[in-house]
Each structure stands twice: as structure tokens, then as C-alpha cells.
Protein chains: 2
Amino acid sequence: MLDVIGAESNILLYDLQTSRRSDSGSYELQLRLPNRDFKEQKVVSVTRKDQVYSILRQAIISSQLAPGEAIRKELVAAQLGVSRTPVSDAINRLADEGLVEIYPQTGTFVARLWLDKIETAQFVRVALETAAIRRTAERANPEALGRFRQNLEDQRKAANSRDFEQFYELDEALHDLICDAAGLVGLREIASKERSQIDRVRRLLLHYEARMVETLAEHEAIISAIADKDADRAAATMEAHIAQMGKMLLHLKIKRPELFGS
Amino acid sequence: MLDVIGAESNILLYDLQTSRRSDSGSYELQLRLPNRDFKEQKVVSVTRKDQVYSILRQAIISSQLAPGEAIRKELVAAQLGVSRTPVSDAINRLADEGLVEIYPQTGTFVARLWLDKIETAQFVRVALETAAIRRTAERANPEALGRFRQNLEDQRKAANSRDFEQFYELDEALHDLICDAAGLVGLREIASKERSQIDRVRRLLLHYEARMVETLAEHEAIISAIADKDADRAAATMEAHIAQMGKMLLHLKIKRPELFGS
DNA sequence: CAATAACATCTAACATGTTACATACCGACT
DNA sequence: AGTCGGTATGTAACATGTTAGATGTTATTG
């Protein structure tokens with residue numbers, strides 16, 4: 001469902017209204033599980049606020065909503081056909097995640113890029129992923145390795161056809177695979193949340209510098225290190241990757257200072 | 001101000017009403033900084049939802065609110081003298097943090113202890129803190145080391161006088177010090193959030209088994225390893241500490257299964 | 001008596017009205 | 001002309017009313 005309705009001030013959003021019980025048909029996204037006494041792996045509750053959250057997050061990470069841009073809650077609510085409540089809830093969550101900045105009584109803005117926060121996010125990401133890799137390496141999982149390689153293969157195809165979106169989805173999927181391979185419940189969600197800043201920056205840089213090929217090579221080096229169960233080398237490769245990103249960020253800041261907050 | 005007003009169903013909460021603009025006096029907790037164009041280190045906006053969040057979080061981590069216990073939003077709102085909105089906002093944030101479980105259209109409960117989630121939280125905590133230690137060690141900070149030792153000294157005093165609360169505050173403060181020493185903006189907040197599960201469990205176990213002395217020894221071993229710039233040993237010590245905790249958790253689960261969810 | 005369907009109840013989710021505050025603008029006063 | 005103070009405006013924060021759905025209970029039916 002989810003019809004695109006477009007688009008004021010370069011915002012591309014969707015209409016949630018259609019997923020309501022307006023017709024007698026099933027509404028796909030509204031399924032909820034009442035697993036009160038079950039295992040509870042994050043209740044599959046797709047409430048309106050969850051949907052709004054996903055839509056806004058996607059829009060921010062893909063830079064459809066540019067850093068620094070104002071977010072009119074009321075406008076968003078109107079565009080999505082919901083009230084202000086679920087929009088506020090979604091935005092609060094995004095603020096916790098560092099993707100929006102809320103100034104009390106004043107306004108809400110897509111978070112600008114703060115170099116020091118990005119540095120911290122990088123640190124967290126490396127810490128979590130190298131630890132995950134270390135753990136994965138210890139338990140030697142050939143199927144996981146196969147999935148990594150399949151993913152890299154797909155990345156190569158996407159890079160060849162210069163398909164940014166596809167490439168990026170695969171990139172994120174690879175990180176998810178690495179987290180999953182560690183076999184820890186909920187680790188992927190935590191890592192994904194902490195990575196959101198980085199994901200946004202990387203996608204921005206990818207568009208900006210179009211260095212998919214180099215990125216791919218870095219990914220391959222990391223996976224290769226994992227295959228050799230060499231967590232230290234994997235970590236070192238990541239560090240190098242990050243240093244590279246730091247340089248590019250400085251370039252970007254010179255050319256597009258309006259995206260930055262520091 | 002925050003007067004204690006007490007307490008239905010073993011809940012100890014506070015009255016926020018008094019911090020409103022009912023008198024002409026200043027209201028301490030209400031200060032906000034309008035630093036729209038400033039460095040923005042988390043706007044010092046102490047809104048009602050922030051206060052409710054802090055109060056509830058404290059209550060949950062200290063187990064004043066027991067795992068599995070129902071949280072009546074409306075009741076909490078009434079007790080705190082606020083409406084349901086800031087309470088809901090606070091609870092949403094706590095749900096993100098994994099401290100409460102929300103079942104749509106059904107109820108909100110203090111999160112039970114899920115062994116697999118605790119395992120993940122431990123993993124994240126170790127990953128972040130050993131990385132922080134590694135970074136701290138690299139940049140050799142004698143003042144930080146002094147602060148660590150002062151903290152340990154205070155912990156020793158608290159342990160001797162068997163002051164749980166004080167001991168625990170110092171314990172958390174030590175972890176904050178370690179994070180700060182890494183010199184990364186916002187790392188402490190991230191680590192603190194990811195640690196909340198663990199903090200709750202540890203405090204529970206501390207009350208339960210009263211092993212402050214042993215815990216203190218473990219802390220001393222960790223700091224000693226840091227002083228020697230031996231991140232690997234620090235990590236190993238933490239791992240041992242965690243294994244210990246895992247055993248105690250299994251005991252606790254047998255004696256008090258109602259606290260657990262898995 | 002067991003299974004099931006109608007129903008009562010309770011709560012989160014959602015909608016919407018109201019308030020307080022940050023900011024910008026504008027005019028008066030020095 | 002520049003500073004200060006009042007005022008207008010817009011938004012998040014807060015309050016409260018309404019809806020939908022999950023659950024437990026009771027009536028009903030085989």
C-alpha cells in the first residue's frame with residue numbers, strides 16, 4: 001500500500017491513511033502479535049509511530065531530508081495522514097538516536113553533522129564490530145562466511161552497475177550479517193542504532209565521491225581478515241577505512257559547510 | 001525540591017508539581033539553554049518528560065520497581081502530578097532502553113530479566129569499555145588514573161560501612177570515569193544507556209549476595225590493569241567478572257524465577 | 001462438561017485542544 | 001544610531017478526550 005503522495009519542500013513521504021481499516025481488506029502492516037507470555041523478541045507491533053519512525057529514519061539516512069533542515073511536525077502529520085502524536089513519538093526516538101535535534105519550544109531539525117559525534121560513533125561501531133568479529137572467528141561459522149561472500153558478490157554487481165541504493169543496502173546488510181554471526185540476541189538492533197549516524201555520512205560520501213569500488217575493496221579486505229580469523233587485522237582494516245572517511249569528511253565540510261554543526 | 005509523597009503498591013515516587021511555576025521563585029530544575037547555534041552538547045532542557053524518565057529509570061534500576069511489575073501510566077501521572085503525555089514519553093524511552101516492556105493495548109511492565117539479553121548487554125559493555133580502556137591507555141592520562149584510584153578508595157570506605165547505595169553510585173561513577181577518560185564526546189551517555197540492564201542486575205545481585213568486597217577486588221584488578229596499560233588483561237578481568245555474574249544470575253533465577261522472562 | 005461466542009473491562013494508541021516559552025520584530029528611549 | 005523593552009508569532013511541551021484492540025469472564029450451545 002503506502003502510496004507516495006509527495007512532496008513539499010523536497011520532502012518525499014508516504015500516506016499511511018491507506019493502511020487504515022477504511023476498506024474491509026487486510027491491512028498488511030497492522031499485524032500485531034499478543035505474545036504476552038511468549039519469548040518476546042520485540043513484539044511485532046507495527047503501530048503508526050513505528051511506521052512514521054521508519055519512514056522518517058529512511059528519509060534522513062538517505063539525505064532526502066538534508067542535515068539542518070527543519071521538520072514541521074504538523075506538516076509531516078498532515079502528509080502522512082496521522083495526528084501529531086505518533087509523529088512526535090517517532091521524532092523523540094530519532095532524537096535519542098541522534099538523527100534529529102529538538103530545540104524546546106523552538107523547532108525540530110534534521111541533525112547536522114558534528115565531527116566529534118561522528119568520531120564517537122565510529123569508535124563505538126569499530127568496538128562493537130571488531131568484538132563481534134572476534135566472537136564469530138572463535139566459533140568458526142562457515143555458513144556465515146558464505147553469506148558474507150555472497151553479499152560481497154552482490155556488492156560487486158551493484159558497484160559495476162553503479163547502483164548506489166542497492167550497494168548501500170548491501171553494505172548495511174553486510175554489517176547486519178556480521179552482527180548476527182556473533183549469535184547474540186538483539187546485538188544487531190543495538191549496532192544498527194549506534195551506526196545510524198555513520199550510515200548517513202557514508203551514504204552521503206558515497207554519492208559525493210562515488211568511490212564504491214574503493215569501498216568494496218575495503219569490505220573485501222575486512223571479510224578476508226575474518227575468514228583468516230584474524231580479528232586484529234580486521235580491526236586494523238576498519239581503522240584505516242575510518243581514517244579515510246575522516247579525510248573525506250573534512251573535504252565535504254569545506255565544500256558544504258551548511259551540513260555541519262561544528 | 002521534589003518532595004517525596006509516597007507510595008502506592010510499593011512505588012516510591014516524587015511530586016513534580018512543586019517545580020512548576022506556582023510560586024514566583026526560580027525553579028531550579030527548569031533551566032533550559034537556548035543554544036541553537038552553540039556547541040549543543042545535549043541541550044540542558046529539563047522538561048517534565050526528562051524528569052519523569054529519570055525518576056522512573058532510577059526506580060527501575062534500583063529495583064524499587066521490581067521486574068515484571070505493572071506500570072500504570074495513569075497512576076504514575078497522578079502520583080507525579082503531571083499528565084499522561086510526559087509519562088508516556090518517558091516510558092517509550094525506557095522501552096527503547098530495554099527497561100520496560102510495552103504490550104500494545106494491554107499494559108506496560110518493568111522489564112523482566114532475559115538471560116540472553118543480559119548476555120548481549122554484557123558483550124556490548126565489555127566491547128565498549130575495553131575499547132575505551134585501550135584508547136585511554138594509549139594516551140596515558142595520569143589525572144584520570146588518579147580519579148580512578150580516588151574512586152576505588154571511596155568504594156572501599158563504602159564497602160566497609162556496608163553502604164549499598166553509595167557503593168553502587170561509585171561503581172557507576174567509575175565506569176563513567178573510564179568512558180570519559182577516552183576523550184570521546186557522548187561516549188559516556190551511550191555506554192551508560194547500554195549498561196542500564198547490567199546496572200540493574202548488578203545492583204540486584206549486590207543486595208542479594210552482598211559481595212561488595214569481592215566486587216571491589218575485581219574493580220581494583222581492572223584499574224590495576226589499566227594502570228599497566230594492559231588492555232588485554234583488563235578485558236580478561238572483566239570477562240572473569242562477567243562469568244562470575246552469570247553464575248550468580250543462575251542462582252537468582254532458581255530462587256526468584258518471577259523476576260525472569262526466559 | 002467442554003468449547004465457543006458475546007460481552008465487559010482495561011490499557012495503550014491515537015487525536016486534538018491548550019500552554020508556555022524561545023525567538024524575532026518593532027518601536028521607544030538614551 | 002544603538003540598546004532596551006514590549007509584543008507578536010510559532011513551535012514544542014503538556015493536558016485531556018477518544019478509539020481500538022487485547023484479555024478475561026460469562027453466557028450459550030453442542
Side-chain angles (χ1 to χ4, degrees), chain A residues 16-17 19-22 24 26-27 29-38 40 43-53 69-96 100-110, chain B residues 16-17 19-22 24 26-27 29-38 40 43-53 69-96 100-110:
Chain A
L16 289 182
Q17 199 76 276
S19 68
R20 277 205 200 151
R21 186 205 280 277
S22 47
S24 59
S26 63
Y27 34 82
L29 288 176
Q30 292 287 350
L31 77 158
R32 301 178 184 192
L33 298 186
N35 47 2
R36 172 81 173 78
D37 281 326
F38 293 164
E40 196 260 336
V43 176
V44 187
S45 147
V46 181
T47 58
R48 287 218 232 297
K49 76 175 156 220
D50 290 330
Q51 299 182 57
V52 174
Y53 167 79
E69 187 172 342
I71 298 177
R72 256 6 98 79
K73 289 185 182 182
E74 200 149 359
L75 186 57
V76 173
Q79 285 188 337
L80 295 176
V82 298
S83 77
R84 309 192 309 269
T85 307
V87 175
S88 280
D89 288 347
I91 285 178
N92 282 335
R93 211 162 136 200
L94 290 166
D96 273 344
V100 308
E101 302 169 9
I102 299 175
Y103 297 93
Q105 256 79 23
T106 304
T108 301
F109 305 85
V110 177
Chain B
L16 289 182
Q17 198 76 276
S19 69
R20 278 207 199 147
R21 187 205 280 278
S22 47
S24 59
S26 63
Y27 35 83
L29 287 177
Q30 292 288 350
L31 77 158
R32 300 177 184 192
L33 298 187
N35 48 1
R36 172 83 172 76
D37 282 328
F38 294 164
E40 196 260 337
V43 177
V44 187
S45 147
V46 181
T47 59
R48 285 217 233 297
K49 76 176 158 219
D50 291 330
Q51 299 182 58
V52 174
Y53 167 78
E69 186 172 343
I71 298 177
R72 248 22 89 78
K73 289 186 183 183
E74 200 149 0
L75 185 59
V76 173
Q79 285 188 336
L80 295 177
V82 298
S83 77
R84 308 192 310 267
T85 308
V87 175
S88 279
D89 288 346
I91 285 179
N92 281 336
R93 213 164 135 198
L94 289 166
D96 273 343
V100 307
E101 301 169 8
I102 299 175
Y103 296 92
Q105 256 79 23
T106 304
T108 301
F109 305 84
V110 177

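Sequence lines set the chain letters: A, B, ... in the order given, protein chains first and strands last, and positions in each chain run from 1. These values consider heavy atoms only, across backbone and side chains, with no hydrogens, waters or symmetry-generated copies.
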How far apart are the C-alpha atoms of A:Asn92 and A:Ile102, what are their side-chain angles, what is the distance that settles it, and do they pass the side chain to side chain contact (heavy atoms under 4.5 Å, CB included) test? CA-CA 8 Å; A:Asn92 282 335; A:Ile102 299 175; 3.7 Å; yes
What contact category does B:Ile71 fall into here, base, sugar-phosphate, or nothing, at under 4.0 angstrom with non-hydrogen atoms? sugar-phosphate
Atom NZ of B:Lys73 and atom P of C:dC10: how far apart are they, to the nearest Å? 17 Å
Please report, rounded to the nearest Å, how far the C1' atom of D:dT23 is from the CZ atom of B:Phe109. 11 Å
Please state how far atom CG in B:Asp89 lies from atom P in C:dA13, giving the value in whole angstrom units. 12 Å
Would you kindly give the CD-to-P distance between A:Glu101 and C:dA22, to the nearest whole Å? 18 Å
Measure the CZ-CG distance between B:Arg48 and B:Asp89 for me, rounded to the nearest 0.5 Å. 12.5 Å
Spacing of B:Asp50 atom CG relative to D:dA12 atom P, expressed in whole Å: 16 Å
How would you label the contact of A:Arg72 with the nucleic acid (heavy atoms, under 4.0 Å): base, sugar-phosphate, or nothing? sugar-phosphate
Does any N or O donor sit under 3.5 Å from an N or O acceptor when you compare the side chain of A:Thr106 with the base of D:dA12? no
Under 4.0 Å between a side-chain N or O of A:Ser83 and OP1 or OP2 of C:dA15? yes
d(A:Leu94 CG, A:Ile71 CD1) to nearest 0.5 Å is 7.5 Å
Donor-acceptor pair under 3.5 Å: do we get one between A:Thr47's side chain and the base of C:dA13? no
What's the CZ-P distance between A:Arg84 and D:dT16, to the nearest Å? 15 Å
Five pairs per end, C1' atoms only: what is the angle between the end axes of the helix from C:dC1-D:dG30 to C:dT30-D:dA1, to 10 degrees? 0°
Which is true for B:Ser88 with a 4.0 Å heavy-atom rule: it touches a base, it touches only sugar-phosphate, or it touches nothing? nothing
Please report, rounded to the nearest Å, how far the C1' atom of C:dC10 is from the OH atom of B:Tyr103. 17 Å
Out of D:dG21, D:dA13, C:dC14, which nucleotide sits closest to the side chain of B:Gln105? D:dG21
Rounded at 0.5 Å granularity, tell me how far CG in A:Asp96 sits from CD1 in A:Ile91. 12.5 Å
Nearest listed nucleotide, side chain of A:Pro86, among D:dA13, C:dA15, C:dA12: C:dA15
Rounded to whole Å, the CG-P distance (B:Asn92 to C:dA12) equals 11 Å
Please step through side-chain hydrogen bond (donor to acceptor under 3.5 Å, both in side chains) for the pair A:Ser88 and A:Lys73, ending with a clear verdict. CA-CA 7 Å; A:Ser88 280; A:Lys73 289 185 182 182; 3.3 Å; yes
Min side-chain heavy-atom separation A:Val87-A:Arg72 under 4.5 Å: no
Please report the C-alpha distance between B:Arg93 and B:Asp50 in whole Å, then the side-chain angles of each, then the deciding distance to 0.1 Å, and finally whether the side chain to side chain contact (heavy atoms under 4.5 Å, CB included) criterion is met. CA-CA 10 Å; B:Arg93 213 164 135 198; B:Asp50 291 330; 3.2 Å; yes
With respect to the phosphate group of C:dA13, does any side-chain polar atom (N or O) of A:Lys49 fall under 4.0 Å of OP1 or OP2? yes
